Number of protein chains: 2
Amino acid sequence: MGLPHGGRLMARRSDHSREEIKTMAIQAAHQIVEREGLVALTTRKVANAIGYTVGTLYHVFQNQDELIVHVNAATLDDLYKQLSESATHCRKPESCVLILGHEYVRFAYQHRNLWSSVFEHSLPAGDETPEWFRARVTKLFGLIEAALENITGNQRIDTQLASNALWSGVHGICVLGITGKLEHADEKNINVLVDSLIRNYLAGLSAPKK
Amino acid sequence: MGLPHGGRLMARRSDHSREEIKTMAIQAAHQIVEREGLVALTTRKVANAIGYTVGTLYHVFQNQDELIVHVNAATLDDLYKQLSESATHCRKPESCVLILGHEYVRFAYQHRNLWSSVFEHSLPAGDETPEWFRARVTKLFGLIEAALENITGNQRIDTQLASNALWSGVHGICVLGITGKLEHADEKNINVLVDSLIRNYLAGLSAPKK
DNA sequence: AACACAATTAAACATCGTTCAATATAAAAT
DNA sequence: ATTTTATATTGAACGATGTTTAATTGTGTT
């Protein structure tokens, strides 16, 4: 089966280290998901792309799920990079959060397959999401927290609670938008919804309580 | 050629009509998803549960996706029923929305597998979500719209926009909570987030614009 | 040069969604 | 009644999937 690649006879033992193979597999899987979506990701396709057979994949990963989690973690890294760079040129907290929101929508629509993969995939019952993955999520929420910390309300607010609520909300809009559960869900209209959510939520935070 | 049309049934085996088989299959699939999750749903399992073979399923449904969409539609019907009954004993708009939010969380946690199925599943690229399915989603958003219509702000608000934004937000909190992407995501903490989102968003809507 | 050990493969397994020729059976025609 | 017609249903097959495993192949060590 495993066709030789690049004129090589066979992949020999010391061609690549364990770590190299791991990296290659993740990158190959990343490309496949990006181009064809998570449903199109198969172990054989990944193995073929890096010039090995499935057995080698299972020698490096426990199973397909572990590979997917790594792909998704890489996507979260890309997302963090794009978001953190976007919010450097803003002054008012509201502007920062709005920029972050729009940039999040932009990423979701631009890398639809990769972004969807992060939330489509879930580990089999019993397996817990590894902490290094959740750390990435926390780091992302941290961006919002940072932007919210300078909010000038007339009372202290719990920034972690607020960033969780607000950002989950923005995420929810993207989810329903991209999966076609909302009507007229193009990027422009989605941004209108995100705007509404952020503006009013922040206004509510700053408003005097009843 | 004596082409029969009208009320004539042609059930060969006369055990069940086409429609009966359809209903039986949907109910069986519903049970499987409820108990074991969408990943555990197989055509053979469904066929076996209703005493037929897979071939018959494909004689009644175009493919597995079509069956799943029907299961999910039934779930949306259940959800609508639970939500619409819950919001009958409230006066102030905010109370109604809060009740709807909490009830939504309750349904998601109580029927985790069914609820997840609605959003995990997506049709293959090219297939569009049938309009009778989207109608169910619209109907659900209608519940929020109705509750928002009595909001007393100092300026008119676009209730459809607001209900889309707010409810997508509540949904997003549930998604991240149930899929374990948030820390300490038990039902109680999720409700705190939902509370924060709804209260502040509504406060923002009613607040005077700067 | 021979050995031991890890990496890698090829093949197999069970299961999946889906298709299709063959069969069974009810209704219509004779 | 008997034959004809049409279709509901089956059962087996197909290709693809994730995963496992016995057998090899290559490398480092003695």
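Residue numbering restarts at 1 for every chain, and letters A, B, ... go by the order of the sequence lines. What you see is a predicted model, and the numbers here were worked out from it, not measured in a lab.
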Contacts satisfying disulfide bond (SG atoms under 2.5 Å apart) that involve residues 93-129 of chain A (not counting sequence neighbours) are Cys90(A)-Cys96(A)
All salt bridge (charged side-chain N to carboxylate O under 4.0 Å, His left out) counterparts of Asp127(B), not counting sequence neighbours: none
Qualifying residues under side-chain contact (heavy atoms from CB on, under 4.5 Å), relative to Gln110(A), sequence neighbours excluded: Arg106(A)
Between atom OH in Tyr52(A) and atom C1' in dA7(C), what is the gap in whole Å? 9 Å
His16(B) NE2 - dA26(C) P separation (whole Å): 14 Å
Whole Å only: how far is the CZ atom of Arg18(A) from the P atom of dA6(C)? 10 Å
For the pair made of NZ in Lys22(B) and C1' in dT9(D), what is the distance, rounded to whole Å? 18 Å
Could you pull out all residues at least two apart from Thr43(A) that satisfy side-chain contact (heavy atoms from CB on, under 4.5 Å)? Val54(A), Leu57(A), Tyr58(A), Gln64(A)
Considering residues at least two apart in sequence or located in another chain, which fulfil the side-chain contact (heavy atoms from CB on, under 4.5 Å) criterion with Ala73(B)? Trp132(B), Phe133(B), Arg136(B)
Double-helix bend of the helix from dA1(C)-dT30(D) to dT30(C)-dA1(D), axes at both ends from 5 pairs, round to 10°, gives 20°
Residues which pass side-chain contact (heavy atoms from CB on, under 4.5 Å) with Asp65(B), listed by chain and number, not counting sequence neighbours: Asn63(B), His121(B), Leu123(B), Pro124(B)
Mind checking whether Ser117(B) and Asn72(B) have side chains closer than 4.5 Å, heavy atoms only? yes
For Ile21(A), which contact category applies under a 4.0 Å heavy-atom criterion: base, sugar-phosphate, or nothing? sugar-phosphate
Run the salt bridge (charged side-chain N to carboxylate O under 4.0 Å, His left out) test against Glu36(B) and tell me which residues pass, sequence neighbours left out. Lys45(B)
Atom pairs under 3.5 Å: protein N/O with N/O of nucleotides 17-21 of chain D:
| residue | atom | partner | partner atom | Å |
| --- | --- | --- | --- | --- |
| dG18(D) | OP1 | Leu41(A) | O | 3.4 |
| dG18(D) | OP1 | Gln64(A) | OE1 | 3.4 |
| dG18(D) | OP1 | Gln64(A) | NE2 | 2.4 |
| dG18(D) | OP2 | Thr43(A) | N | 3.1 |
| dG18(D) | OP2 | Thr43(A) | OG1 | 3.0 |
| dG18(D) | N7 | Arg44(A) | NH1 | 2.7 |
| dG18(D) | O6 | Arg44(A) | NH2 | 2.8 |
| dT19(D) | OP2 | Tyr58(A) | OH | 2.4 |
| dT19(D) | OP2 | Gln64(A) | N | 2.9 |
| dT19(D) | O5' | Tyr58(A) | OH | 3.0 |
| dT19(D) | O4 | Arg44(A) | NH2 | 3.4 |

Whole angstrom is fine here: how far is it from CD1 in Ile32(B) over to C1' in dG17(C)? 15 Å
Show every ring pair (Phe, Tyr, Trp, His ring centres under 6.0 Å) that has at least one partner inside residues 29-49 of chain A, sequence neighbours left out. none
Could you give the CZ-to-C1' distance, from Phe61(B) to dT19(C), as a whole number of Å? 18 Å
Within residues 116-126 of chain B, the residues having a heavy atom closer than 4.0 Å to DNA chain D are none
Atom pairs and distances, side-chain donor-acceptor, residues 160-172 of chain B, under 3.5 Å, sequence neighbours left out:
| residue | atom | partner | partner atom | Å |
| --- | --- | --- | --- | --- |
| Ser163(B) | OG | Thr159(B) | O | 3.3 |
| Ser163(B) | OG | Gln160(B) | O | 3.1 |
| Ser168(B) | OG | Asn164(B) | O | 2.7 |
| His171(B) | ND1 | Tyr104(B) | OH | 2.9 |

Measure from CG on Leu57(A) to P on dA10(C) and round the result to the nearest Å. 14 Å
Nearest whole Å is fine: how far is dG17(C) P from Asn48(B) CG? 13 Å
Less than 4.0 angstrom between a side-chain N/O of His59(B) and OP1 or OP2 of dT9(D), yes or no? no
On a heavy-atom basis, the closest approach of Leu182(A) and Gly177(A) is CD1-N, 4.1 Å
